[in-house]
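The next block holds one structure in the form of structure tokens; read it before the comments.
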Amino acid sequence: MSDSARESRFRKPSIPPNVLPFSLVAVVLCAATVLICWSVLQFLRFTLEKNKIGSGLFDAIMVLVGLIPLALFVPAIRGVREAMQAQSALRSNDLITARVKTASAQSSSWFALGYGVFAVLTAVAVWFLITNDVAVGSTFFKMSLIVDKFGLVLKAFTTNVVIFCIAEVLILVWALVVAIARMIPGRAGQPIRLLATLYTDAFRGLPSIITIYLVGFGLPLTGLTDGLSSFLQAKFGIDDLTTLWAIIALTLTYGAYVAEVYRAGIESIHPSQFAAARSLGLSFTQTMRFVIVPQAIRRIIPPLLNDFIGLQKDTALVNVIGTIDAFNQSKMLASNYFNLSTVTIVAFLFVIITIPQARFVDRMLENDAKKTRGAR
Amino acid sequence: MSFLEINDVHKRYGNVEVLRGINLNVEEHQVVCLIGPSGCGKSTLLRCINGLEDITLGEIRINDDRVSGPGVDVNRLRRDVGIVFQSFNLFPHMNVMDNLTLAPRQVLKMSKLESEQRALELLKRVRMDHKALAYPDQLSGGQQQRIAIARALAMEPMVMLLDEITSALDPELVSEVLNIVRELAQEGMTMLLATHEMGFAKEVSSKVCFLYNGVVHEEGAPAQIFSDPQNERTQQFLKSIIEAGRL
């Protein structure tokens, strides 16, 4: 590189852009956000008054809520101040300060704008709930109905819990069998590999609602299960077998998914682990059991949780064969009361049960990593 | 009849012939070093001997029993032939003690107590008894490799195959591993090792074999191979090793 070229690259330091206009725009947009929030609050107050539930307490709360969006001005104005400081630093040739203030101003203004968007979306959601004389709110969130029927829906939800708890245990075992069958080595293993592949192809392709339908209605129709049902009735007094069919159908469907997850996990273990285990004289089965699968399971827990959450949600499909699960129960209530608030309960329950599972899995993986890696 | 006989062994991966007629004999209590450039087939040969790879042609015999080809009980074979790898390959989900006792308990059906007592003795031998409850990822490379040697020894093999066991180690960790191998050699363990540590090969081995392109080009006593190589390829190889300052 020639001297002049090198010089030209370093002679002119980069000058930070002027962000003052941008930060002023941010302040204006924040002001607009505040106006939007206030007009929605105004509309809310009007709606409440129309329904004769307005009171001094509500007004006080609304004034307090109305103050919240004003907080947007704190970062927005700080952005303007920093942008101005940057410009004055630039005029006094203090390039470093100018850069620091510019970066900080940009960050402050974007922060204000981001929360502005958050506030607008929240306001829109509130408006959606209360518009048309609280049509949306009363259709989906009729509190009296929710409080009244919560117990009933929760009780029906135990059916969903029973279905997915039993299915999950069965799937863990069944899918591992299928996964290992797909990986059995040698010529003698070929027919088993073929069978396992056919199974996964078929049941991964079948929509679970169709599997549930076919198993739940089809099996009893064939008469092949009559012996089983009369046995269960005589021995345990169970006459509704739809829960059993649902468990079988979901195990078949999700067994195929989870088998693939297992297989991916097993294949992700480096072949050298296999070689090391076999070289010590361990058989294929012993190698799988003591070396490969324990390591694979640690890796597949997050995708496994994904599939299990999918399974838990799919327990809502069992209403097609008449199982009284939470969704079926809430649908009946919804048509009785001509209001969907009971279905909201189901939606809420499904969301609520997945959150602790995700946290639990995170915690478990963290502890395991702590144990085997630890401080060096 | 030698203890370990390798007769005209060929190994082919698709169109690539990695081993092209290897002949090699190892007597009991001998330490035989395989040297040669990367890709010459050292590792493949070792993996073939304990059945991790099938050979295409030829035969391998241990104690006058054919241990290659179809119908061989590889699990039985591997009890007698221990192997240590370049990359240690400890089981990361088990602590050191479990790494050492897994195979004795599952394959030799040893009791937990007995296997742990023996594991502890082996750990003392490789000077790692203070790390019995550590996990592999908490150990240095040299420590992991010493554990890997102890794990192979736990099966009381008749012969040990060492596949470039110091190649993945930082220079200052090499000696701690080589010291263990040296002690094993002094105790009379039969060993076949692929190595790039020429000084070490010169010191411990009873015989050195130079492998090139899947064939044993020259074999002999270490003094002869290192100071007076006859084969042209061996001369070239040793010359480049000396130029790199490794001999």
Side-chain angles (χ1 to χ4, degrees), chain A residues 172 176 179-180 183-190 261-262 264-304 361 363-376, chain B residues 43 46-47 49-54 70 73-96 98-109 133-140 143-144 147-148 150-157 160-161 163 168:
Chain A
L172 280 179
L176 183 60
I180 290 184
M183 304 180 84
I184 279 192
R187 202 166 71 99
Q190 197 180 40
V261 172
Y262 267 120
I266 288 170
E267 281 176 352
S268 78
I269 304 299
H270 198 272
S272 64
Q273 285 288 312
F274 204 85
R278 293 308 300 271
S279 76
L280 288 168
L282 295 166
S283 66
F284 174 81
T285 318
Q286 287 171 328
T287 300
M288 277 292 171
R289 176 167 161 212
F290 295 108
V291 178
I292 307 296
V293 171
Q295 292 185 59
I297 284 188
R298 287 167 167 79
R299 291 193 192 175
I300 63 166
I301 284 173
L304 198 60
V361 164
R363 172 76 61 85
M364 195 165 68
L365 291 174
E366 212 173 275
N367 287 346
D368 187 59
K370 249 185 230 157
K371 192 181 79 178
T372 59
R373 305 217 170 80
R376 279 177 192 255
Chain B
S43 294
L46 295 184
R47 291 171 71 89
I49 293 172
N50 96 337
L52 286 174
E53 307 277 354
D54 291 328
D73 181 356
V74 283
N75 296 338
R76 180 65 228 272
L77 162 69
R78 288 165 184 155
R79 270 189 241 173
D80 298 335
V81 182
I83 188 166
V84 182
F85 302 93
Q86 180 178 352
S87 50
F88 332 136
N89 299 353
L90 295 179
F91 306 133
H93 60 299
M94 297 180 182
N95 65 26
V96 166
D98 292 340
N99 262 281
L100 260 67
T101 55
L102 174 68
R105 286 178 64 186
Q106 298 304 327
V107 181
L108 304 179
K109 306 293 175 203
L133 296 180
Y135 282 83
D137 285 352
Q138 297 163 341
L139 303 174
S140 76
Q143 290 175 322
Q144 289 192 50
I147 301 294
R151 184 175 69 174
L153 289 174
M155 294 298 286
E156 298 194 325
M160 287 276 277
L161 311 174
D163 186 5

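Below, read A as the first sequence line, B as the second, and so on, with proteins coming before strands; counting in each chain starts at 1. Only heavy atoms go into these numbers, but all of them, side chains included; no hydrogens, no water, no symmetry mates.
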Minimum heavy-atom separation for A:Ala276 to B:Arg151, with atom names?
CB-NH2, 3.6 Å
Reported OG-to-CG distance for the pair A:Ser279 and B:Asn75, which is rounded to 0.5 angstrom:
11.0 Å
Where do A:His270 and B:Asn89 land on the side chain to side chain contact (heavy atoms under 4.5 Å, CB included) test, with the steps shown first?
CA-CA 9 Å; A:His270 198 272; B:Asn89 299 353; over 6 Å; no
Please classify the contact between B:Val84 and chain A as side chain, backbone, both or neither, with a heavy-atom cut-off of under 4.5 Å.
neither
Work out which heavy atom in B:Leu52 is nearest to a heavy atom in A:Ala275; give both atom names and the distance.
CD2-O, 3.8 Å
Less than 4.5 Å to any heavy atom of chain A: does that hold for the side chain of B:Leu90, its backbone, both, or neither?
backbone
Is a side-chain donor or acceptor of B:His93 paired with a backbone partner of A:Ala296 at a separation under 3.5 angstrom?
no
Is it the side chain or the backbone of A:Gln273 that comes within 4.5 Å of chain B heavy atoms, both, or neither?
both
One should read off an interatomic distance between A:Leu280 CG and B:Gln106 CD, to the nearest 0.5 angstrom, of 11.5 Å
Report, as yes or no, whether the 6.0 Å neighbourhood of atom CD on A:Glu267 holds more than 12 heavy atoms from other residues, nucleotides or ligands.
yes
If you look at every heavy atom in B:Val107 and A:Leu282, which pair is closest and at what distance?
CG2-CD2, 3.7 Å
Exercise: identify the closest heavy-atom pair between A:Val291 and B:Leu102
CG2-CD2, 3.8 Å
As an exercise, state the distance from CZ of B:Phe91 to CD1 of A:Ile269, rounded to the nearest 0.5 Å.
12.0 Å
Identify which of B:Pro92, B:Gly82, B:Gly51 forms the greatest number of heavy-atom pairs closer than 4.5 Å to chain A.
B:Pro92
